[in-house]
Structures are given as C-alpha cells and as structure tokens.
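Naming: A, B, ... by sequence-line order, numbering from 1 per chain.
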Amino acid sequence: MRLSQLFGKTQREIPADADTISHQLMLRAGMIRQLTAGVYSYLPIALRSMRKIENIIRDEMNKAGGQEICMPVLQPIELWEKSGRGASFGKNLFRLFDRKERELALGPTHEEVVTDLVGRSVQSYRDLPLLLYQIQTKFRDEPRPRGGLVRVREFVMKDLYSFDTDAEGLDISYRKMVNAYKNIFSRCGLPVIMIEADSGAIGGKDSNEFMAISEMGEDEIIYCESCGKAANAEKARSIKAKADNSEPRPMEEVSTPGCKTIDEVCHYLKLDPVNTIKAVFYMADDEFIFVCIRGDIDVNEVKLKNSLHCSDLRLATEEEVAAAGITAGFASPIGLKNIKTVVDESIASGTNFVAGGNKYDTHIKNVNFPRDFKADIIADIALAAAGDGCIHCGAKLLATRGVEVGHVFKLGTFLSEKMGAYYIDANGDSKPIVMGCYGIGIGRLMAAAVEINHDDKGIIWPKNIAPYQIYLCPLFLENPLVTEKAESLYRELQEMEMEVLYDDRNESTGIKFNDADLLGIPLRITVSPRSLEKGCIEVKWRSEKQSELVALDKAIEKIKDMITGK
RNA sequence: CGGGGUGUGGCGCAGUUGGUAGCGCGCAGCGUUUGGGACGCUGAGGUCGGAGGUUCGAGCCCUCUCACCCCGACCA
C-alpha cells in the first residue's frame, strides 16, 4: 500500500476527548473515527489489524472443532421474552419496530438465536457435542461507553457456543476453549491472565475472564503472587483480619454523641473497625434490604445481588432509609421487624461487636449474632481487598486492573430448558442440552494490544496482528536513485507477498519517521542517499533503537529472514 | 440516572466591559528545503452545537434544549 493513497491520515494533535492512550494513538494513527457515542468507523489500518486478530481466532476455533456460522443481528423480541433475558438486559437491549409494528432487538449476544437454531436441528445425542461460532457485530446500549474501543455500543465479537449431552461433556468443551483462548492471546502478542469471574445472574457454575493487565482497565483483579490464583474483585474471596472471639458478654448501651460513621465510633470508643458492625441499606427490586457487615469490610454488591437473586440492586436513598424507620448513622439490626436482613459471614465468625443503637447518639456494645438479632440470609458478601489473606495459600493478596478481552461461561441447561433445546439420549429420554458460551471482543483486544504495546512515539504492534509487516521509508525522493531503489524494493517485496506500507510521500524526514513510529509497523526499511552510497539500506525494528545497515544485494533475503524468522 | 466538564474552520485552541470572528497545525498553489513533525509568499475553508429571548447590535448576557467527554451508578 502506498501511504500517499491510504485512507486515514495521521495527525499530530491529540484529539481533546480521548484520554486513554489506545484511543489517542488509534485516532492519531488514522485508524478509527467516532460517529457517535460508542460507535466507530474502522479505517483501513485498523481493519487490517482486526482481520489479523479474527483470522487467528478463526484458526484456533477451527482447530478446537468449532464450525463457523453467521446468525442474524436482527432478532424478534419474542425470543428474548422466551428466555426471560429481555428483562435482565433491560435498557442495554436496543429495541426497534418494523413496519408492521412488530418489536425487534439488535442482538447484544446470540445465545437465544443459537439455542433456538440448535434446538430445532439437534435431535439425538449423536448430534452432540457441537461447537458453533461466529464473528459478528453486537449491539449493546451501554449506559456509558468509554475509553475509545474499550467499551462501545456497537462492536465485533467472536462468540462460540458449546452444546453437550452432560456436565462432563461441557467440562471438555470448556477446557478446549480455555486452551484455544490461551493460544489466541499468545499469538496476538497480548499477555493475559485467566481469572475467576462472576457468571452474572443467569450463568452457570464456572466462569473465567481473560484479562490484559492495564491501569486503564475497568475491572479490578485480586490476585495472589505466591500461589498464582486470581479473581475478579466481583468474585474474589479472601481471609479477613480476625475479629474478637471471646465469650459473648451481655449487651450494653453506650453513648456515642455525634458518631455516625464507623471511623467516628472507633475513634470515640477506641475500637478497631474489625469489632464493629456496619449497616448498609439497599433496594433490591423495590424491596428494602438491611445489610450487616463488619466495619472494616466493604460490601461486594455483585455477591449481594447473587445472594438475593434479584435483578436490580442499588443503594437505598436517605428517604427510603428514613421510611423504613431507621435512624441513619445509628442503625441497628437488633429488633428489626419486617425488613429483610442479610448478614455477612464475617459477623457470624466474631463476637462482642459494637453496633448501632437505633436511636441518636447511641451504640450497643457486645452485640452477638445470632443471639441478639436474626438474619434472613447469611452469605459471603464481602469485598476482597489487597492486603487480605489468600484463601488458597494464606499469602497477602494484591490488586491490579485489567481489560476483559475474553470471557468463558458454563451456562448449563438454563437456556436450553427455556428455549426448548432438548435431545434424546441413548435410553430414549429427552434431556436439555448442556451449554457453554465463549466470547472475545475483537476491537477491545486490539485496543488492549495498543494500550500495552506502545511508547511515547506511538504504537508498537505485536508482529502477528500488525496491519503491515514492513514500513518502507525512502528519504529524499527527488534523488532518482532513492526512488528507483525504493520502487524496486516495493515491487519485489510485494511479489513475495510481504505486507508493505510504502511511504511514497514527498515529506521531510522527521514527518516520515514520526509517522512510522506512530503507526508502529514492526520493521522499518530506510532507503536514503546516505546509505545507498555505501551500497546499503537500513533496517530497524520498531521495538528497538538501533538500525542496521544491509548490503543492497542481501536486502531482500535479510528482510525475509527478519519477517519470517523473528 | 447522580456529579463534573466541553461545544468557535479537518485537528488543537484564543476571543477583554456586548461593536466587522482570530491564531497554530493541517489543506491547496508557488518557491527554497529535507537523517526525527523545516521556511517564505499566496489562498480556500466558520449557520460560533441548536431554538427562543434581551439589545440599535450577541461567539460573549438570559431561558430552554441537544451532543460529546470524565467520575460514579450500570455492564454476560
């Protein structure tokens, strides 16, 4: 490709509304253009990289036994009503009406369609297992798109669905996918870690995310350096500091004037937060929920939501708290009536806590569970934090951030039962197909790769997903020798099917080198009068500082070796 | 949905007490240049996000509205 003809100019200025590195670099490199919030056009450079990624994914999916299909983006709303997930997707589902006023959705994912499809065609256990995938555009009306391609409303995703006769079969499919995913990310030059993840309200047992470690990532990862276990903070469990565990003593009211927060109470009574009970109030599908957790621990709302089996969870407003008859700042679980109470396990494992007195300026000492108050639900709803103990090996946990580039789920039979996807087993019995689903966001993967592989000059593409392999950069084009040599190199490299971006623009050296660095093509070849005088050209890896002189007659061979060998 | 911010040429920005819309980059032409975003001259390009209002006069003041960005909420 001749750079003079490439659609998508580089630009020097950083666009004002991009503040993640990958977004800035992709805009400056002329790769993407935003149309509206969370919706982008992909220009040739970006598309080439995405096609590379897609083809790596295709290759690994096919190797794992996947068959590629293509399913509709436009989906009848009935399908979503049938699965019951229209409600749980809620406003994230793009909805529209056709001319007959029939309601449709733009697919945010394809479990419904694929389950319907497979349910209609699979009849026997002999038809299973089955691995079907597609690389298709998804639509999700995200409340807040952000970070360039990191979170968007229209995006291309590879989604594979596995169909097995039983849980053992699902385990095998799942392992195949995990293995394929590891290969994919490794081939894309993107270091990822696989972590335990929450499967959401609908998922089955197991779920893992593949995270690219990056400060701009949206997810917090809690991990253990000593045993290597890692989990999304939404899911992570940890060993918390020990609370008092002495013999329960009788309750005792104490005056705590103006002490509304745990910090104030602890300071006033000279206590450690570990020995206090914190009350937090939520609305779960419009039901008021009283949550008790130790003063030193934060509530993990995902865990709480899972333990309540609700679809909507949010903090209660001050008005709602007051309406429930609770004295804010001095709330007490003792003597609660007709309010659903969730107690964190941390409360059950300690004694003699300080809790609110349910009247102003009063707390109660020596509160013990379940002696003094009851719980409707006792569960682990604690947010794991850096510094906690690892539940596997006891070492101190660490925290970092990551971009979720892949997610695998064991769905089980929930959807197949809802959608009527059954098969006949060897005994002639009808059984629901056991499902799994496995996704990779293409654009997000590319953004993560840029985020992780760059320097202050620009992108440094991993070789396998680079839009081009070679940046052919002649200097002083008015010199006929330079032009002649560059043109012949371009021709020869193309004949060898090398991917060459040829900077045939009559620009100054600075512009050309800076664009080469910005675009981040792995190998730069410089043709200039200075090196031609020595009978040489220069080659330089984007990832390295030093260039190397290569004799003209050895050039093609050397370039070929560099591209294929390294 | 809550909080914060920004809308002026393709990009980045300035625009004073209300008085003929400017700068840098980029773009087009000509010339000089060229080993890390060169220089001179000439030129094109703007319903100042939109609507309403105040005023002799609004980019600037008032009201409403829309869009985009960031934090949070949300998020298979």
>> Of the listed nucleotides (B/G12, B/C27, B/A73), which one gets closest to any side-chain atom of A/Ala16?
In response: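 So the side chain of A/Ala16 is nearest to B/G12.
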> For the side chain of A/Arg33, counting heavy atoms from C-beta on, which of B/C75, B/A73, B/G10 is nearest?
Replying inline: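 Among the listed nucleotides, the one closest to the side chain of A/Arg33 is B/G10.
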Rounded to whole Å, please give me the gap between [atom1] in [X] and [atom2] in [N].
{"X": "A/Gln34", "N": "B/G10", "atom1": "CD", "atom2": "C1'", "value": "16 Å"}
{"X": "A/Asp219", "N": "B/C74", "atom1": "CG", "atom2": "P", "value": "13 Å"}
{"X": "A/Asn92", "N": "B/C1", "atom1": "CG", "atom2": "P", "value": "14 Å"}
{"X": "A/Asp17", "N": "B/U8", "atom1": "CG", "atom2": "P", "value": "11 Å"}
{"X": "A/Met211", "N": "B/C75", "atom1": "CE", "atom2": "C1'", "value": "13 Å"}
{"X": "A/Glu215", "N": "B/C70", "atom1": "CD", "atom2": "P", "value": "17 Å"}
{"X": "A/Asn306", "N": "B/C75", "atom1": "CG", "atom2": "C1'", "value": "14 Å"}
{"X": "A/Arg146", "N": "B/C71", "atom1": "CZ", "atom2": "C1'", "value": "9 Å"}

Need one value for [X]: base, sugar-phosphate or nothing, where a base atom within 4.0 Å counts as base even if backbone is also close, heavy atoms only.
{"X": "A/Arg144", "result": "base"}
{"X": "A/Thr20", "result": "nothing"}
{"X": "A/Glu538", "result": "base"}
{"X": "A/Gly441", "result": "nothing"}
{"X": "A/Glu507", "result": "base"}
{"X": "A/Pro15", "result": "sugar-phosphate"}
{"X": "A/Leu313", "result": "sugar-phosphate"}
{"X": "A/Pro474", "result": "nothing"}

Residue pair [X] / [Y], side-chain donor-acceptor N/O under 3.5 Å:
{"X": "A/Tyr181", "Y": "A/His407", "result": "no"}
{"X": "A/Asn300", "Y": "A/Glu234", "result": "no"}
{"X": "A/Thr115", "Y": "A/Glu111", "result": "no"}
{"X": "A/Asp198", "Y": "A/Asn306", "result": "yes"}
{"X": "A/Asp141", "Y": "A/Asn92", "result": "no"}
{"X": "A/Gln136", "Y": "A/Asp159", "result": "no"}
{"X": "A/Tyr40", "Y": "A/Glu154", "result": "no"}

> Which pairs, with at least one residue in residues 446-461 of chain A and sequence neighbours excluded, count as a salt bridge (charged side-chain N to carboxylate O under 4.0 Å, His left out)?
Replying inline: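 Every salt bridge (charged side-chain N to carboxylate O under 4.0 Å, His left out) pair that includes a residue of residues 446-461 of chain A, provided the two are not neighbours, is A/Asp455-A/Arg542.
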>> Can you tell me how the ring of A/Tyr438 sits relative to the ring of A/Tyr174, calling it parallel under 30°, perpendicular over 60° and tilted otherwise?
In response: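 The arrangement is tilted - the two ring planes meet at 30° to 60°.
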Using the [atom1] atom as the reference point in each nucleotide, state the distance between [N] and [M] in Å, no decimals.
{"N": "B/U47", "M": "B/G9", "atom1": "P", "answer": "9 Å"}
{"N": "B/G59", "M": "B/G22", "atom1": "C1'", "answer": "12 Å"}
{"N": "B/C66", "M": "B/C75", "atom1": "C1'", "answer": "26 Å"}
{"N": "B/U6", "M": "B/C13", "atom1": "C1'", "answer": "13 Å"}
{"N": "B/G10", "M": "B/U42", "atom1": "P", "answer": "23 Å"}
{"N": "B/G43", "M": "B/G24", "atom1": "P", "answer": "14 Å"}
{"N": "B/G45", "M": "B/A58", "atom1": "P", "answer": "24 Å"}
{"N": "B/C68", "M": "B/G29", "atom1": "C1'", "answer": "36 Å"}

> Given the side-chain rings of A/Tyr133 and A/Tyr161, with only the six-membered ring counted for Trp, is the space between their centroids under 6.0 Å?
Replying inline: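 That pair fails the under 6.0 Å test.
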> A/Ile293 and A/Asp298: which non-hydrogen atoms are nearest, and at how many Å?
Replying inline: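 That would be CD1-O, 3.7 Å.
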>> With nearest nucleotide decided by heavy atoms, which residue, A/Ile14 or A/Pro529, maps closer to the 5′ end of RNA chain B?
In response: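 So the residue in question is A/Ile14.
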> Which residue lies toward the 5' end of RNA chain B, A/Glu234 or A/Ser547, if each is placed at its nearest nucleotide?
Replying inline: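 Per heavy-atom nearest nucleotide, the more 5' residue is A/Ser547.
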> Dot-bracket for RNA chain B, 5' to 3', counting Watson-Crick or G-U wobble pairs under 3.5 Å, with [ ] for crossing pairs and | for inter-strand pairs?
Replying inline: (((((((..((((.....[..)))).((((((.....)))))).....(((((..]....))))))))))))....
> So do A/Val500 and A/Gln469 actually touch side chain to side chain, heavy atoms under 4.5 Å?
Replying inline: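 No, side chains not in contact.
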> When every nucleotide of nucleotides 36-42 of chain B is labelled 5' to 3' by its protein contacts under 4.0 Å (heavy atoms), B for base, S for sugar-phosphate only, - for none, what sequence of letters results?
Replying inline: BBS----
>> Please confirm whether the shortest side-chain N or O distance from A/Lys305 to OP1 or OP2 of B/C75 is below 4.0 Å.
In response: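 Result: yes.
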